[in-house]
Trainee: 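Have a look at this one before I ask anything.
Remember, it's a predicted structure, so these values are computed and weren't measured experimentally. By convention here, the first residue in the shown sequence is residue 1.
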Amino acid sequence: DDNAGTAPFDEDVKDASAPISSYEPEDDYEYEEVDLMELPSNARTELWRLQEQFEEEASVLNADLMLFVHQMLQSRSHAERLKIMQRALLQEERRLAARKALQSVMLSMGSKEDE
């Protein structure tokens, strides 16, 4: 039987054709809506800044992902796919290291301002 041993996986897979809104959250927490205009202005400003930052980062990551998938689909050999994967992992490692360094600098600047 070709499907032997796949039953546990099949049970975990949700119906991909069902709209996302029909999925029930897995936790029992009740989420409340927050009116952003009720927040203090500094909190609103920070939320908008974070949203802009998220959108910029998501755009870059999405473009990188699209390029990666395209390259993988166009590759002709296993060795070529391994090289593409290696480049992608190295690029992500560098991106994360740069982000960590930037956060460290920003954190140290913030602690100097507090003194």
Side-chain angles (χ1 to χ4, degrees):
D1 184 11
D2 289 341
N3 293 331
T6 62
F9 176 76
D10 292 340
E11 293 170 5
D12 292 339
V13 176
K14 295 185 179 191
D15 180 11
S17 65
I20 291 174
S21 61
S22 71
Y23 292 134
E24 293 293 321
E26 294 187 13
D27 58 14
D28 292 333
Y29 185 79
E30 297 251 349
Y31 296 94
E32 293 182 33
E33 284 189 29
V34 175
D35 183 5
L36 294 181
M37 299 314 288
E38 292 179 6
L39 295 174
S41 65
N42 60 341
R44 282 194 314 265
T45 302
E46 181 66 10
L47 281 173
W48 286 327
R49 184 192 67 74
L50 288 172
Q51 182 175 359
E52 271 185 36
Q53 180 183 348
F54 170 78
E55 289 172 0
E56 289 171 11
E57 289 180 16
S59 176
V60 170
L61 290 174
N62 190 37
D64 288 347
L65 178 61
M66 298 275 288
L67 178 62
F68 172 76
V69 170
H70 179 73
Q71 290 173 337
M72 291 294 275
L73 290 172
Q74 296 295 317
S75 65
R76 295 182 179 262
S77 70
H78 182 70
E80 192 177 349
R81 286 187 289 278
L82 288 175
K83 286 180 183 179
I84 293 167
M85 179 65 77
Q86 186 177 27
R87 281 195 311 263
L89 291 172
L90 183 59
Q91 180 181 354
E92 181 65 7
E93 183 180 31
R94 288 177 179 160
R95 186 188 72 80
L96 292 172
R99 184 175 180 163
K100 183 177 179 180
L102 184 59
Q103 286 175 338
S104 177
V105 167
M106 297 301 284
L107 187 61
S108 68
M109 287 176 57
S111 64
K112 288 180 183 176
E113 288 176 3
D114 292 340
E115 293 176 1

Trainee: Kindly indicate whether the side chain of E80, heavy atoms from C-beta on, has any atom under 4.5 Å from the side chain of R76.
Mentor: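 The answer is yes, as the side chains (C-beta and beyond) meet within the 4.5 Å cut-off.
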Trainee: Is the shortest heavy-atom distance from the side chain of N62 to the side chain of E57 under 4.5 Å?
Mentor: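 No, too far: nothing below the 4.5 Å cut-off.
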Trainee: Can you hop from V69 to M85 via hydrophobic side chains spaced under 4.5 Å?
Mentor: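 Hydrophobic grouping puts V69 with M85.
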Trainee: Under 3.5 Å, is there a donor-acceptor pair between the side chain of S59 and the main chain of E56?
Mentor: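 No: the side chain of S59 does not pair with the backbone of E56.
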Trainee: Do F68 and L73 share a hydrophobic cluster (ILVMFWY, side-chain heavy atoms under 4.5 Å, transitive)?
Mentor: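 Yes, because F68 and L73 connect within a single hydrophobic cluster, where side-chain heavy atoms sit under 4.5 Å apart.
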Trainee: Above 12 or not: heavy atoms from other molecules or residues under 6.0 Å from CD of Q103?
Mentor: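 Counting neighbours around CD of Q103, more than 12 heavy atoms of other residues, nucleotides or ligands fall under 6.0 Å, so yes.
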Trainee: Might you point out which heavy atoms bring S108 and V105 nearest each other, and give the distance in Å?
Mentor: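 Scanning both residues completely, I find the closest heavy atoms to be OG-O, 2.9 Å.
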Trainee: Could you note down all residue pairs passing side-chain hydrogen bond (donor to acceptor under 3.5 Å, both in side chains) where residues 38-47 supplies at least one of them, sequence neighbours left out?
Mentor: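 Found E46-R49.
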Trainee: Given the rule that I, L, V, M, F, W and Y join up when any side-chain heavy atoms are under 4.5 Å apart, are V60 and L65 in one cluster?
Mentor: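 The answer is no; the residues belong to distinct hydrophobic clusters.
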Trainee: Would you check if L89 and E92 make a side-chain contact, meaning some heavy-atom pair closer than 4.5 Å?
Mentor: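 They are not in side-chain contact.
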Trainee: Among H70, Q71, M72, find the one that has a side chain to side chain contact (heavy atoms under 4.5 Å, CB included) with Q74.
Mentor: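 When side chain to side chain contact (heavy atoms under 4.5 Å, CB included) is applied between Q74 and each of H70, Q71, M72, only H70 qualifies.
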Trainee: Quick one: are Q86 and L82 in side-chain contact, heavy atoms under 4.5 Å?
Mentor: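 No - every pair of side-chain heavy atoms lies 4.5 Å or more apart.
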Trainee: Determine whether L61 and R95 make a side-chain contact, defined as any pair of heavy atoms from C-beta on separated by less than 4.5 Å.
Mentor: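 Heavy-atom side-chain distance check passes, below 4.5 Å.
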